[in-house]
Novice: 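Sharing a structure below in structure tokens format, with a few things to ask.
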Amino acid sequence: MAAEKSQKHLKLQTIVQKPDSGNSVYEPCQCIQPSDPCIIIVFGASGDLTARKVMPALYKLFLNNFMPQEFAILGCARTRLSDAQFRENMKSILTDMQTMPPNAWNKFASRLYYQSIVYDDIATFNNLSDRLDILTQKYKTSGNKLFYLAVPPFLYETIATMIGRAGLSTEADPDKNWSRIVVEKPFGSNLQTSTALNNTLQQSFKEHQIYRIDHYLAKETVQNILVFRFANAIFEPLWSRQYIEYVDICAAETLGIEHRAGYYEKAGVLRDMFQNHIMQLLSLIAMEPPAKFASEMVHDEKAKVFRSLLPFDATTTEKNIVLGQYAAGTLNGNKVPAYRNEPGVDPQSLTPTYAMMKIFIDNWRWQGVPFYLMSGKRLKEKLTRIVVQFKDVPHSVFSTIISETISANRLTFVIQPNEKISLTFQAKNPGSTVCLRSMNMEFHYDGTAEQTLDAYEKVLIDCMNGDQMLFLRQDSEELCWSFFTPLIEDCEACINREKNLCFYEAGTEGPRQAKKIKNR
Ligand code: BG6
């Protein structure tokens, strides 16, 4: 209840659409009410995530007047720095940003502070607490605190515990003075470690205070899935096994593992992309309508989908999943190395960088409908897309006059790039005889792309406003792990592991064996 109570909904301007003007013009939905005054404490303030994502997002929010009237940002890390040095460091990062209006930086910088911290030393957290008291007085932030853990995951439990021990996670009244913690994936590496992490977080914070980020949920096109499904009456009656042949979810990447061998070697594609991002996409497509568009109710419906996933068993695993690893190849005209030759990767590595699987949702709506899930690195193109393939017409009345079969309708959500929603349908070609052709009805995001919030900006606004809709709830997180953990363990323990790993040339569509999954 506290979660629902403390949730403050953003006031949104309605999208202005001019349907008669040929090209539609959209004004983006803007948050017009900044959150309560607060202090944002960024752990890992001298690290890469802070520099690349968190600080640029905060600065952009500031430039666009989305930050609260009164706020302070307190960077924390092991490095010893003064406030002035921290401000200089942040300035050097942010000067790359194109928008640097005169005076804006000085104003923003005056709200930046730094406190050095030793993550396992309670004394330094007590110092942090004293510092927060001073800033709270200065900016009248009523004790509202947002702890952002931009640190390696092995530090999550230590930091959360220390915050709790220093008394900083306590909320006297969640509506008046809140304390929230933000963590990014990976949330553990299997069901056991994820449960352990959740237990530790919950010793200091209640569930309504914990914000587990999945950046896919903050993508505009992903947020649009529920609006598309539940704000239109015409699709929902067709949204079931009666009319849908299959659903295909793909997240193809051209990137390799970059410099993340240490993490990726242990994670592999199933932990890195499937247990989280792909499962979230699946839940949005498969869930039942929530009674209201409220965070807890949406999370309840997602959890039901995860509970209904039909587990793999020994007889189905091999038939329904293909794992692959990229070999050397060419991408955009450039030669790229094999995964095994990436810096830091074991030359004998059996870590999968690609997976294609067929899964089923064991419930009334989706009985027998295959969901094909695919993700891989170093593929031909970057494309995240969901296809809802409808069934063929039950009977072709045109069979006497045209020889070809009629293509079934297909609804496609392109999540990135070139974000769009398209629906194919059949139309008659103009002319004296009856010839059919597939046409597309499309909605493009082009007009709004520049103005929309980037994923980190959206995440930060929602945290400050106490809106958990786009974050992961503990039960869903663990349900996804309980589906994937046995599968990952099976794959990792399989005696034929090496034989079962399909190597694919970088820059291609992935292993050819994956095609068989759809034909089975
Ligand atoms: C991250 C994964 O969560 O998502 C990366 O750890 C992956 O391996 C990335 O590249 C993909 O995100 P996006 O937004 O580029 O599709």
Novice: What pair of heavy atoms forms the shortest contact from Thr124 to Val118, and how long is it?
Specialist: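 Reported closest heavy-atom pair: OG1-O, 3.0 Å.
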Novice: Does Thr351 have any side-chain hydrogen bond (donor to acceptor under 3.5 Å, both in side chains) partners at least two apart in sequence or in another chain, and if so, which?
Specialist: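 Testing Thr351 for side-chain hydrogen bond (donor to acceptor under 3.5 Å, both in side chains), a comparison that skips the adjacent residues, returns Glu265, Ser349.
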Novice: Could you tell me whether Glu70 and Lys140 have a side-chain N and a carboxylate O separated by less than 4.0 Å?
Specialist: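 Salt bridge: no.
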Novice: Could you tell me whether Arg473 and Asp300 have a side-chain N and a carboxylate O separated by less than 4.0 Å?
Specialist: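 Yes.
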Novice: Under 3.5 Å, is there a donor on one side chain and an acceptor on the other for Arg131 and Gln115?
Specialist: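 Side-chain D/A pair, Arg131 to Gln115: present.
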Novice: Does a donor on one side chain sit under 3.5 Å from an acceptor on the other, for Thr384 and Gln416?
Specialist: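 Short answer, yes.
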Novice: Quick one: do Glu207 and Arg212 make a salt bridge, cutoff under 4.0 Å?
Specialist: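 Yes, this pair counts.
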Novice: Classify the ring geometry of Phe62 against Tyr59: parallel below 30°, tilted from 30° to 60°, perpendicular beyond 60°.
Specialist: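 Ring orientation, 0 to 90° scale: parallel.
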Novice: Got Met55 and Ile93 here, is their nearest side-chain heavy-atom distance under 4.5 Å?
Specialist: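 The answer is no, as the side chains (C-beta and beyond) never meet within the 4.5 Å cut-off.
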Novice: May I ask you to test the Glu171-His208 pair for a side-chain heavy-atom distance under 4.5 Å?
Specialist: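 Result yes, sub-4.5 Å side-chain heavy-atom pair found.
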Novice: Tell me the closest heavy-atom pair linking Val54 and Leu460, and the distance in Å.
Specialist: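 Shortest heavy-atom contact: O-CD1, 4.1 Å.
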Novice: Is the ring pair Tyr326/Tyr339 parallel, tilted or perpendicular, if the boundaries are 30 and 60 degrees?
Specialist: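 Answer is perpendicular, since the angle exceeds 60°.
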Novice: Heavy atoms only: give me the nearest Ala160-Ser204 pair and the separation to one decimal.
Specialist: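 Closest pair (atom of Ala160, atom of Ser204, distance): O-OG, 3.1 Å.
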Novice: Okay, side chain of Thr485, backbone of Trp481: is any donor-acceptor separation there less than 3.5 Å?
Specialist: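 Yes: the side chain of Thr485 pairs with the backbone of Trp481.
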Novice: Restricting to non-hydrogen atoms, name the atom on Asp83 and the atom on Leu112 that form the minimum distance, rounded to 0.1 Å.
Specialist: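 Closest approach of Asp83 to Leu112, heavy atoms only: CB-O, 4.5 Å.
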Novice: Ignoring hydrogens and angles, tell me if any N or O in the side chain of Asn224 forms a donor-acceptor pair with the backbone of Glu220 under 3.5 Å.
Specialist: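 Side chain of Asn224 to backbone of Glu220: no pair is present.
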Novice: What I want to find out is whether Glu301 reaches Lys304 closely enough, with some N-O distance under 4.0 Å, to be called a salt bridge.
Specialist: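 Result for this pair is yes, salt bridge flagged.
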Novice: Would you check if there is a donor-acceptor pair between the side chains of Arg80 and Gln85 at a distance under 3.5 Å?
Specialist: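 Side-chain D/A pair, Gln85 to Arg80: absent.
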Novice: Can you confirm whether more than 12 heavy atoms, excluding those of Asn106, are under 6.0 Å from its CG atom?
Specialist: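 Yes, CG of Asn106 has more than 12 neighbouring heavy atoms, counting only those of other groups under 6.0 Å.
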Novice: Should Tyr354 and Met273 count as side-chain neighbours, where that means a heavy-atom distance under 4.5 Å?
Specialist: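 No; the side chains remain at least 4.5 Å from each other.
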Novice: Does atom NZ of Lys382 have more than 12 heavy-atom neighbours from other groups under 6.0 Å away?
Specialist: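 Yes, the 6.0 Å shell around NZ holds more than 12 heavy atoms from other groups.
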Novice: Go through the structure and list residues passing ring-ring contact (aromatic ring centres under 6.0 Å, His included) with Phe413, not counting sequence neighbours.
Specialist: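 In terms of ring-ring contact (aromatic ring centres under 6.0 Å, His included), with neighbours along the sequence ignored, Phe413 is linked to Phe228.
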Novice: Is the positively charged end of Arg52 above the ring of Tyr456, judged by distance under 6.0 angstrom from the centroid and angle within 45° of the axis?
Specialist: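 Negative - Arg52 is either too far from the ring of Tyr456 or too far off its axis.
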Novice: Test side-chain contact (heavy atoms from CB on, under 4.5 Å) on Ile257 and Lys377 and set out the steps.
Specialist: CA-CA 7 Å; Ile257 54 151; Lys377 294 210 175 276; 4.0 Å; yes
Novice: Please check if the number of heavy atoms outside Arg165 that lie under 6.0 Å from its CZ is greater than 12.
Specialist: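 Not buried by this count: 12 neighbours or fewer within 6.0 Å.
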Novice: Restricting to pairs with a member in residues 129-170, which pass ring-ring contact (aromatic ring centres under 6.0 Å, His included), not counting sequence neighbours?
Specialist: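 Counting only pairs at least two positions apart or across chains, no ring-ring contact (aromatic ring centres under 6.0 Å, His included) contact touches residues 129-170.
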Novice: Does the pair Lys302/Glu296 count as a salt bridge with the N-to-O cut at 4.0 Å?
Specialist: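 So Lys302 does not pair with Glu296 through a salt bridge.
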Novice: So, the side chain of Arg271 versus the backbone of Ser189: is there a donor-acceptor pair under 3.5 Å, distance only?
Specialist: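 Side chain of Arg271 to backbone of Ser189: a pair is present.
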Novice: If we count only N and O atoms by modelled type, under 3.5 Å, do the side chains of Tyr263 and Asp272 hold a donor and an acceptor together?
Specialist: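 Yes.
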Novice: Using a 6.0 Å cut-off, check whether atom CG of Asp346 has over 12 heavy atoms from anything other than its own residue.
Specialist: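 More than 12 within 6.0 Å, yes.
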Novice: Do Val459 and Phe471 come within less than 4.5 Å of each other through their side chains, counting heavy atoms only?
Specialist: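 Contact flag for Val459/Phe471 side chains = yes.
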Novice: Please say whether the positively charged group of Lys219, taken as NZ for Lys or CZ for Arg, lies over the ring of Tyr216, i.e. under 6.0 angstrom from the six-membered ring centre and within 45 degrees of the axis.
Specialist: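 That pair qualifies as a cation-pi contact.
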Novice: Measure across Gln280 and Phe306 and return the closest heavy-atom pair with its distance rounded to 0.1 Å.
Specialist: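 So the two residues come closest at NE2-CZ, 4.0 Å.
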Novice: As a quick check of understanding, evaluate ring-ring contact (aromatic ring centres under 6.0 Å, His included) for Tyr119 and Phe125, giving each step before the final call.
Specialist: CA-CA 8 Å; Tyr119 293 126; Phe125 279 80; 7.1 Å; no
Novice: Using modelled atom types only, decide if a donor and an acceptor are shared between the side chain of His299 and the backbone of Gln468 within a distance under 3.5 Å.
Specialist: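 Yes: the side chain of His299 pairs with the backbone of Gln468.
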Novice: Check the pair Met356, Ile321 against side-chain contact (heavy atoms from CB on, under 4.5 Å), reporting the backbone distance first and the verdict last.
Specialist: CA-CA 6 Å; Met356 155 75 98; Ile321 172 163; over 6 Å; no
Novice: Could you tell me if the side chain of Arg229 sits less than 4.5 Å from the side chain of Met287, heavy atoms only?
Specialist: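 Yes. Closest side-chain heavy atoms under 4.5 Å.
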Novice: Work out which heavy atom in Ile213 is nearest to a heavy atom in Glu184; give both atom names and the distance.
Specialist: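 Heavy atoms of Ile213 and Glu184 come nearest at CD1-CG, 3.8 Å.
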Novice: Is there a side-chain contact (heavy atoms from CB on, under 4.5 Å) between Leu168 and Ser129? Walk through the geometry before answering.
Specialist: CA-CA 7 Å; Leu168 295 171; Ser129 175; 3.7 Å; yes
Novice: Hey, are Ser179 and Ser169 close enough side-chain-wise for a donor-acceptor pair under 3.5 Å?
Specialist: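 Not at all, the side chains of Ser169 and Ser179 share no donor-acceptor pair under 3.5 Å.
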Novice: Is there a side-chain contact between Phe274 and Leu373 (heavy atoms, below 4.5 Å)?
Specialist: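 Yes, close enough: below the 4.5 Å cut-off.
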Novice: Is it true that Lys53 and Asp454 make a salt bridge, defined as a side-chain N closer than 4.0 Å to a carboxylate O?
Specialist: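 Looking at Asp454 together with Lys53, the answer is no, because their closest N to O distance does not fall below 4.0 Å.
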Novice: Does Thr221 use its side chain to pair, donor to acceptor, with the backbone of Ile415 at less than 3.5 Å?
Specialist: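 Side chain of Thr221 to backbone of Ile415, a donor-acceptor pair under 3.5 Å: yes, one is there.
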Novice: Using a 4.5 Å cut-off on heavy atoms from C-beta on, say whether the side chain of Ile386 contacts that of Val247.
Specialist: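 They are in side-chain contact.
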Novice: Taking side chain as C-beta onward, heavy atoms only, is Ile210 less than 4.5 Å from Ile181?
Specialist: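 Yes, at least one pair of side-chain atoms sits under 4.5 Å.
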Novice: Would Leu146 and Met464 count as a side-chain contact (heavy atoms from CB on, under 4.5 Å) if you check the C-alpha gap in whole Å, the side-chain angles of each, and the deciding distance to 0.1 Å?
Specialist: CA-CA 7 Å; Leu146 182 67; Met464 287 189 278; 4.1 Å; yes
Novice: Give a yes-or-no answer on whether the side chains of Glu478 and Asn198 include a donor-acceptor pair shorter than 3.5 Å.
Specialist: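 Checked: Glu478/Asn198 side chains pair up, N/O donor to acceptor below 3.5 Å.
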Novice: Between Asn190 and Thr193, does any side-chain donor sit less than 3.5 Å from a side-chain acceptor?
Specialist: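 Yes.
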